[in-house]
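When a residue number appears, it is its place in the shown sequence, counting from 1. Predicted model only: the values in this text are computed from it and were never measured. Only heavy atoms go into these numbers, but all of them, side chains included; no hydrogens, no water, no symmetry mates.
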Amino acid sequence: MRVPVQYSQQANAAMAAAEDISRLSLRSAEPQLPAPAVSSTTPSSTAPQPTPFFSTSSKEAANDTSSKFSEKPSNYTFPRSERVRRDASTKAIDPLTESFIEFMYENPTTYHACEGFADMLCHAGFTYLSERVSWDDKITKGGKYFTTRNGSSLVAFVIGQHYVGGNGAGMVACHIDALCAKVKPISKKPAVEGYTQIGAAPYAGAMSSTWWDRDLGLAGRVVVKNPTGVIQTKLFTIPYPVARIPTLAPHFGAAANPPFNAEYNTTPIIGLEPDDPAENELRPDEVGAPLAGRHNIRLLRLVAKELGVPVSSMLNFDLELFDTQRGTVGGLDKEFLFCPRIDDKICAYAAITGLLESCEEHAISGSTINVLALFDDEEIGSLLRQGARGGLLESSLLRVVESVGDGATMAQTYANSFLVSADVIHAFNPNFSNAYMQYHTPSLNVGVTVSCDPNGHMTTDAESTAFMEEVARRTNNTLQYFQIRNDSRSGGTVGPMLSSSMGCRSIDMGIPQLAMHSIRACTGSRDVSLGAKLFQAFYEEWEDVDYQFRSGEKM
């Protein structure tokens, strides 16, 4: 069949264009070889010679991002925009914020966080004291110590060299548990149309809508029995996301709209069923394993592989699902910190930094006890033994006073003590300005906020506020203030339960944040340092400030 001339020309042009595109694709994907030398006897081709995509070698070009965006082939006709990308290093990030981001990424669960804080104390010369043994011959004035309970709560204390029995303790108390999804004791579920799922339960209101369509990791602690019969706890983190709670597309209409059933509509998927059904069967060495039959065997194998132990050695575990996305700074001028699990690890991190910065001087010249308490289970009421109601702080102080207190009573010690209950508080949200009282609108990157409540949800009163305001004035710290509206209700902290147990003066305050109880929250990129600065000031100044108050009292 004869092809019309115009169509033939169009076809030839299209084929030539396709060949050019093919050459460009190959050029961008493969190293370029030097073109063979052209013999003088070889007739020259009338076709245009290929132009190198970049003037540099392919290896250099791969490492030179700017040249990729600026240099074009000589025959490039597409009206491409000039690409400009800001160098991420143009503005320095606060070093303490960077270290906090790294700490949060490396310590996703309460158990990891407790161990991470313990590591910080050990590197600063603190001595670990087990609750199981006597402390009488282990504690001395001028010493730095810490103890833990359940691997998820911690109390650290620095005893001044000039400590006298009956002198008080300057205490900062925070919580280090966070909203998460806990793997159920029997998490195995039947496959649904080829999907493998895991049974998980919300801890403290997690698995809300902010948890849907997020990359969820798996981490926790495992109780392991080794071949010699020794039972120990191991921590692990799967180094990639393993779970997801998928939303339903809006195309499904009413089914995609809340309310959703918390048991059936929020079950995470963790994989697809294997092609070989035998993968779901127990292997000979797994028969009789304590956890076999309660959890998906492929999940158990994954955890065992991370720990480097056989499935049969795992006696039990506490596993959590959590947001795997690393914290980062953001905003036009990097003024924000976006991070998971800020509540309340940010106050804990700032407080331990303040303790470590002040501990050497206090150990040498102090006459009181400086204390940091980090608790588990605050988000669910603190009633368990590792919570603030479990007595870990009170029993630790009692053992110190009994060891080096020269017969002083705890009643006298508590009367001379001061407690800072440090927990995050609400920053002002510009999209919901009507939810705030006027003048009670804490800002980011300004300073720690004093939390007030007339109904006893916070411990703050006039005397404790004046106390911390004096500390702030002495050390150039700025305080902010927040109280909830009359038609709303405050959250809770460890402050009321601890101050009522000990009878000591107390204030509630904390770093302000947005999106509290979301899977990912926001605070200021300088707020970690501002918190650390205030807590360090408290540890360094509270003795002198307390002397001012004591001088004005009638004894």
Side-chain angles (χ1 to χ4, degrees), residues 86-107 113 116-117 120 172 174-176 178 325-358 372 374 420-431 436 439-451 468-469 471-482 507-516 518 520-541:
R86 180 177 176 180
D87 185 354
S89 62
T90 54
K91 182 175 177 62
I93 303 172
D94 186 289
L96 197 59
T97 300
E98 286 190 301
S99 63
F100 173 71
I101 290 173
E102 185 65 22
F103 179 89
M104 295 297 288
Y105 185 74
E106 294 294 332
N107 299 282
F117 287 128
M120 294 173 67
V172 179
C174 316
H175 72 89
I176 54 176
Q325 188 176 355
R326 182 188 288 269
T328 185
V329 293
L332 293 176
D333 206 27
K334 297 185 179 178
E335 56 267 71
F336 299 132
L337 167 61
F338 308 134
C339 192
R341 302 177 293 283
I342 285 179
D343 181 4
D344 178 39
K345 291 182 180 68
I346 190 169
C347 288
Y349 195 86
I352 199 170
T353 301
L355 179 71
L356 296 180
E357 290 294 328
S358 63
L372 173 65
L374 306 176
V420 176
S421 169
D423 201 349
V424 291
I425 194 61
H426 307 286
F428 177 71
N429 187 325
N431 292 330
Y436 296 79
Y439 311 121
H440 297 75
T441 53
S443 300
L444 306 180
N445 292 329
V446 171
V448 176
T449 298
V450 177
S451 305
M468 286 304 298
E469 286 174 339
V471 170
R473 276 191 293 269
R474 286 171 167 235
T475 55
N476 195 31
N477 277 279
T478 300
L479 298 183
Q480 304 185 83
Y481 302 86
F482 177 82
I507 188 172
D508 268 282
M509 58 197 317
I511 295 172
Q513 70 158 83
L514 295 169
M516 189 180 295
S518 171
R520 195 168 178 84
C522 169
T523 187
S525 59
R526 295 196 299 114
D527 277 320
V528 183
S529 289
L530 290 171
K533 180 186 175 186
L534 179 69
F535 295 132
Q536 179 180 347
F538 169 74
Y539 284 125
E540 293 175 344
E541 299 291 335

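- Surrounding OH of Tyr481 are more than 12 heavy atoms belonging to other residues, nucleotides or ligands, all under 6.0 Å away.
- Using a 4.5 Å cut-off on side-chain heavy atoms (C-beta onward), Phe336 and Val329 make no contact.
- Of all non-hydrogen atoms in Ala515 and Ala521, the two that sit nearest each other are O-CB, 3.7 Å.
- When side chains are defined from C-beta on, Asn477 does not count as touching Val471, because their heavy atoms never get closer than 4.5 Å.
- Put simply, the side chain of Thr475 does not reach to within 4.5 Å of the side chain of Lys533, judged on heavy atoms.
- Within the model, atoms SG of Cys347 and CG of Leu374 stand 11.0 Å from one another, a figure rounded to the nearest 0.5 Å.
- Here the side chain of Asn107 pairs a donor or acceptor atom with the backbone of Phe103 at under 3.5 angstrom.
- Taking both residues in full, the closest heavy atoms of Arg520 and Arg326 are given as NH2-O, 2.8 Å, listed atom of the first, atom of the second, then distance.
- Rounding to the nearest 0.5 angstrom, the gap separating the SG atom in Cys174 from the CD1 atom in Ile346 is 11.0 Å.
- For Thr523 (side chain) and Pro512 (main-chain N/O), a donor-acceptor pair under 3.5 Å exists by modelled atom type.
- Note on ring orientation: taking the six-membered ring where Trp is involved, the planes of Phe482 and Tyr436 are perpendicular (angle over 60°, cut-offs 30° and 60°).
- Ile425 approaches Gly510 most closely through the heavy-atom pair CG2-O, 3.8 Å.
- A side-chain donor-acceptor contact under 3.5 Å links Asn445 to the backbone of Arg526.
- The shortest distance between side-chain heavy atoms of Leu444 and Glu335 does not fall below 4.5 Å.
- In this structure, the side chain of Lys345 engages the main chain of Ile176 through a donor-acceptor pair within 3.5 Å.
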| request: Just do the side chain to side chain contact (heavy atoms under 4.5 Å, CB included) check on Met468 and Val450 with the steps written out, would you? | output: CA-CA 9 Å; Met468 286 304 298; Val450 177; 5.8 Å; no

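- Although no hydrogens or angles enter the test, the distance criterion places a donor-acceptor pair under 3.5 Å between the side chain of Gln480 and the main chain of Gly447.
- Between Val448 and Leu530, the closest side-chain pair of non-hydrogen atoms is not below 4.5 Å.
- Looking at heavy atoms from C-beta onward, Thr353 lies out of side-chain contact with Gln536 at the 4.5 angstrom threshold.
- In this structure, the side chain of Thr97 engages the main chain of Ser525 through a donor-acceptor pair within 3.5 Å.
- Atom OG in Ser99 sits 7.0 Å away from atom CE in Met120 (nearest 0.5 Å).
- Here the CD1-OH distance, from Ile342 to Tyr349, works out to 14.0 Å after rounding to the nearest 0.5 Å.
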| request: Take Met509 and Leu534 through the test side chain to side chain contact (heavy atoms under 4.5 Å, CB included) and record every step on the way to the result. | output: CA-CA 11 Å; Met509 58 197 317; Leu534 179 69; 3.6 Å; yes

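- By the 4.5 Å heavy-atom criterion applied to side chains, Thr328 and Cys339 are not counted as neighbours.
- When side chains are defined from C-beta on, Phe535 does not count as touching Leu372, because their heavy atoms never get closer than 4.5 Å.
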| task | List the steps and the verdict of side chain to side chain contact (heavy atoms under 4.5 Å, CB included) for Thr449 and Ile511. | result | CA-CA 6 Å; Thr449 298; Ile511 295 172; over 6 Å; no

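- A distance-only check finds no donor-acceptor pair linking the side chain of Arg474 to the backbone of Glu469 [under 3.5 Å].
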| Worked check of side chain to side chain contact (heavy atoms under 4.5 Å, CB included) between Ser529 and Asp527 | CA-CA 5 Å; Ser529 289; Asp527 277 320; over 6 Å; no

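- To the nearest 0.5 Å, atom OG of residue Ser518 and atom CD of residue Gln513 are 9.0 Å apart.
- At most 12 non-hydrogen atoms from other residues, nucleotides or ligands lie less than 6.0 angstrom from CG of Asn476.
- Separation of atoms CG (Asn431) and CG (Leu514) is listed at 9.5 Å; rounding is to 0.5 Å.
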